[in-house]
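Counting starts at 1 for both ligands and their atoms, following the listed order. Just so you know, these numbers come straight off a predicted model, no measurement behind them.
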Amino acid sequence: MYNKNSKIATEFIDHNEILDSIAWAQENKGNLPLVKSLIERAEDCRGLSHREAALLLECEDEGLKAEIFALAKRIKQRFYGNRIVLFAPLYLSNYCVNGCLYCPYHAKNRTIPRRKLTQEEIAREVIALQDMGHKRLAIEAGEHPTMNPIEYILESIKTIYGIKHKNGAIRRVNVNIAATTVENYRRLKEAGIGTYILFQETYHKEDYERLHPTGPKSNYAYHTEAMDRAMEAGIDDVGIGVLFGLQRYRYDFVGLLMHAEHLEAVYGCGPHTISVPRICPADDIDTKDFENVIGDDIFQKIVAVLRIAVPYTGMIISTRESQESRRKVLELGVSQISGGSHTSVGGYTEEERDDDSTAQFDVSDHRTLDEVVGWLLDLGHIPSFCTACYREGRTGDRFMSLVKSGQIANCCQPNAMMTLMEYLEDYASPATREKGLKMIEREAQHIPNEKIRLKTMENIRRIAAGERDFRF
Ligand code: SF4
Ligand code: SF4
């Protein structure tokens with residue numbers, strides 16, 4: 001029985017409610033006045049229910065589809081402006097006891113070399129990332145009770161925060177590790193993590209169990225209820241996501257929104273971020289084995305409708321996506337992207353060889369961080385290395401109320417400009433620097449609050465003179 005307030009996985013992600021929602025959406029997709037009324041109502045930025053969002057996703061009318069995309073763009077602009085936050089994944093270890101059929105780190109894959117970074121190797125990777133200009137990382141590790149215990153993760157976080165190389169610093173470490181206990185989430189919280197990220201992969205229980213035949217991850221309920229345990233432990237920024245292409249996309253789309261509704265209903269705060277990875281090839285993984293792989297059109301529609309349904313939730317895409325695909329979804333709602341990423345263990349300090357790559361997935365976007373920054377500037381986005389909210393204690397519902405109040409324009413934009421200025425001073429190529437300085441000059445005029453505008457410009461001058469780490 002569907003109950004978004006329940007803490008039982010199969011009740012807040014109720015199979016029949018998902019099927020009924022999809023059926024209702026398909027029955028009503030020809031009801032254009034209804035679709036139009038939802039688009040009009042969503043203009044108030046209070047979001048949509050999973051059923052309403054499912055209906056927009058079904059919409060095939062070209063005129064209304066254009067309205068959906070236009071609304072997504074307006075909402076994106078209103079709450080996030082034109083800043084795009086940059087981050088990089090850091091793979092710590094690919095030892096894993098699970099049997100996920102879509103991931104090359106699955107325990108039975110004997111062709112992939114297993115690696116686990118020592119603390120010294122982590123320090124070297126972090127220095128390499130700092131030298132690129134990164135300030136925000138997402139650490140990734142397979143699940144392995146003896147090779148990657150929680151103590152190893154905690155020690156690694158301490159190492160990462162402790163490295164200060166030249167003007168570099170990692171100011172926010174997000175963590176993407178397997179579902180764990182309330183006690184371990186508490187320890188992660190104490191270690192100062194930013195967002196705890198865990199992808200559901202698919203919300204379809206039967207399919208989930210087929211795709212995860214062995215290992216602790218095969219327990220659907222334990223995995224699906226992980227965010228509840230994280231929130232009980234005090235981690236109020238959590239990131240959810242599905243791997244589009246594993247199940248029929250409609251099912252996972254509705255499940256994703258039901259998960260968001262559940263967190264909002266029970267903890268008063270929805271997910272901090274939603275990630276929208278699509279399945280892609282990797283060692284021992286062929287996308288031809290997955291019949292539900294989605295095309296670019298559907299992918300863009302998913303991003304646009306998510307932007308409308310959960311306007312206050314950040315949206316992330318990775319370098320799995322090509323440059324062109326990223327360009328399109330940036331406009332429609334994505335607020336964070338990775339740049340200059342290596343998806344293998346030790347990938348930032350060692351040359352990846354084709355024959356022994358330890359990559360978790362193939363990267364489609366191979367550009368350097370500087371190239372990505374320059375490209376964002378060319379497209380009119382402000383590349384941002386901001387980590388201010390977390391460091392100012394604006395997490396969970398405090399963060400949400402800031403976004404809802406629309407004050408992000410007086411906060412995100414100046415922070416984006418100041419962190420971009422740091423990047424331009426310390427790491428940018430001459431061409432990127434020139435473009436970035438012009439962008440800062442232009443954007444300064446658009447900060448609505450005069451006091452903040454003046455302060456931002458003063459801080460920009462101080463950064464040019466050698467000071468660092470200003471934030472609102
Ligand atoms: Fe292990 Fe995660 Fe890969 Fe599954 S997806 S095999 S848990 S690393
Ligand atoms: Fe993100 Fe907060 Fe910085 Fe805005 S001010 S970019 S919401 S960390």
Side-chain angles (χ1 to χ4, degrees), residues 79-87 89 91-109 112 114 116 135-136 139-145 147-148 171-172 174 176-180 194-195 197-202 208 211-219 223 226 237 241 243 246 272-273 277 279 282-285 312-316 335-336 343-345 358-361 381-395 398-420 452 456 470-472:
F79 290 107
Y80 300 88
N82 55 347
R83 59 94 180 146
I84 300 290
V85 172
L86 287 151
F87 75 98
Y91 283 74
L92 299 180
S93 165
N94 63 3
Y95 283 92
C96 191
V97 294
N98 287 309
C100 314
L101 297 190
Y102 49 83
C103 173
Y105 293 174
H106 67 81
K108 287 195 185 135
N109 187 358
I112 199 163
R114 299 289 166 174
K116 171 189 169 178
K135 299 282 186 278
R136 179 189 282 247
I139 57 171
E140 319 266 343
E143 178 168 16
H144 200 293
M147 294 305 286
N148 318 329
R171 298 172 180 159
R172 177 175 180 133
N174 296 334
N176 184 354
I177 60 162
T180 185
T195 312
I197 303 161
L198 183 70
F199 298 161
Q200 178 65 27
E201 322 296 7
T202 177
Y208 180 95
L211 289 159
H212 304 95
T214 52
K217 194 169 169 180
S218 61
N219 185 334
H223 188 83
D237 281 353
L243 185 49
L246 290 182
H272 188 68
T273 53
I279 194 155
D283 179 86
D284 201 34
I285 306 296
Y312 313 121
T313 301
M315 232 191 291
I316 303 178
S335 53
Q336 272 189 49
T343 58
S344 57
V345 182
T358 59
Q360 192 189 26
F361 57 84
H381 299 291
I382 316 176
S384 172
F385 296 88
C386 177
T387 54
C389 283
Y390 148 80
R391 294 166 77 223
E392 290 292 316
R394 291 192 299 257
T395 59
R398 275 149 297 170
F399 166 81
M400 287 294 169
S401 35
L402 180 80
V403 187
K404 287 178 187 174
S405 70
Q407 278 310 304
I408 282 284
N410 278 320
C411 207
C412 285
Q413 300 298 93
N415 284 332
M417 289 161 56
M418 293 187 298
T419 54
L420 174 62
I452 293 178
T456 304
F470 295 100
R471 61 182 178 268
F472 289 103

Using a strict cut-off of 4.0 Å, indicate which atoms of ligand 1 neighbour a heavy atom of [X].
| X | answer |
| --- | --- |
| Gly142 | 8 (S) |
| Lys217 | 4 (Fe), 5 (S), 7 (S) |
| His106 | 6 (S) |
| Tyr105 | 3 (Fe), 6 (S), 8 (S) |
| Cys96 | 1 (Fe), 6 (S), 7 (S), 8 (S) |

Considering non-hydrogen atoms of the protein only, which is the closest contact for [atom], and what is the distance?
| atom | result |
| --- | --- |
| atom 2 (Fe) of ligand 2 | Cys389 SG, 2.2 Å |
| atom 1 (Fe) of ligand 2 | Arg83 NH2, 4.2 Å |
| atom 3 (Fe) of ligand 1 | Cys103 SG, 2.3 Å |
| atom 7 (S) of ligand 1 | Asn98 ND2, 3.3 Å |
| atom 4 (Fe) of ligand 2 | Cys412 SG, 2.2 Å |

Using a 4.0 Å cut-off to any heavy atom of [X], which atoms of ligand 2 qualify?
| X | result |
| --- | --- |
| Phe399 | 7 (S) |
| Asn415 | 5 (S) |
| Cys386 | 3 (Fe), 5 (S), 6 (S), 8 (S) |
| Ala388 | 8 (S) |

(message) Could you check whether any side-chain heavy atom of Arg172 comes within less than 4.5 Å of a side-chain heavy atom of Lys135, counting everything from C-beta outward?
(response) no
(message) So which atom in Ser344 and which in Ala359 form the shortest heavy-atom distance, rounded to 0.1 Å?
(response)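 Looking at all heavy atoms of both residues, the closest pair is CB-N, 3.5 Å.
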(request) Specify the closest pair of heavy atoms between Gly81 and Gln413, including all atoms of both residues, with the distance to one decimal. (result)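 Result for this residue pair: CA-OE1, 4.0 Å.
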Any donor-acceptor pair under 3.5 Å linking the side chain of [X] with the backbone of [Y]?
| X | Y | answer |
| --- | --- | --- |
| Ser93 | Tyr95 | yes |
| Asn109 | Tyr105 | no |
| Asn174 | Thr195 | yes |

(message) Assess, by modelled atom type and distance only, whether the side chains of Ser401 and Arg394 contain a donor and an acceptor separated by less than 3.5 Å.
(response)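 Note: Ser401 and Arg394 side chains miss the donor-acceptor criterion.
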(message) Would you say Asn94 and Glu140 are linked by a side-chain donor-acceptor pair, where the criterion is simply a distance under 3.5 Å?
(response)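 No, because no side-chain N or O of Glu140 sits under 3.5 Å from a partner of the opposite role on Asn94.
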(message) Under 2.8 Å from atom 4 (Fe) of ligand 1, is there any N, O or S atom belonging to Cys100?
(response)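 Looking at Cys100, which is the residue asked about, there is an N, O or S atom under 2.8 Å from atom 4 (Fe) of ligand 1.
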(message) One pair to check against ring pair (Phe, Tyr, Trp, His ring centres under 6.0 Å): Tyr102 and His212. What are the steps and the verdict?
(response) CA-CA 9 Å; Tyr102 49 83; His212 304 95; 5.4 Å; yes
(message) With side-chain hydrogen bond (donor to acceptor under 3.5 Å, both in side chains) as the test, pick out the partner of Lys217 among Glu143, Glu201, His106.
(response)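 Of the listed residues Glu143, Glu201, His106, the side-chain hydrogen bond (donor to acceptor under 3.5 Å, both in side chains) partner of Lys217 is Glu201.
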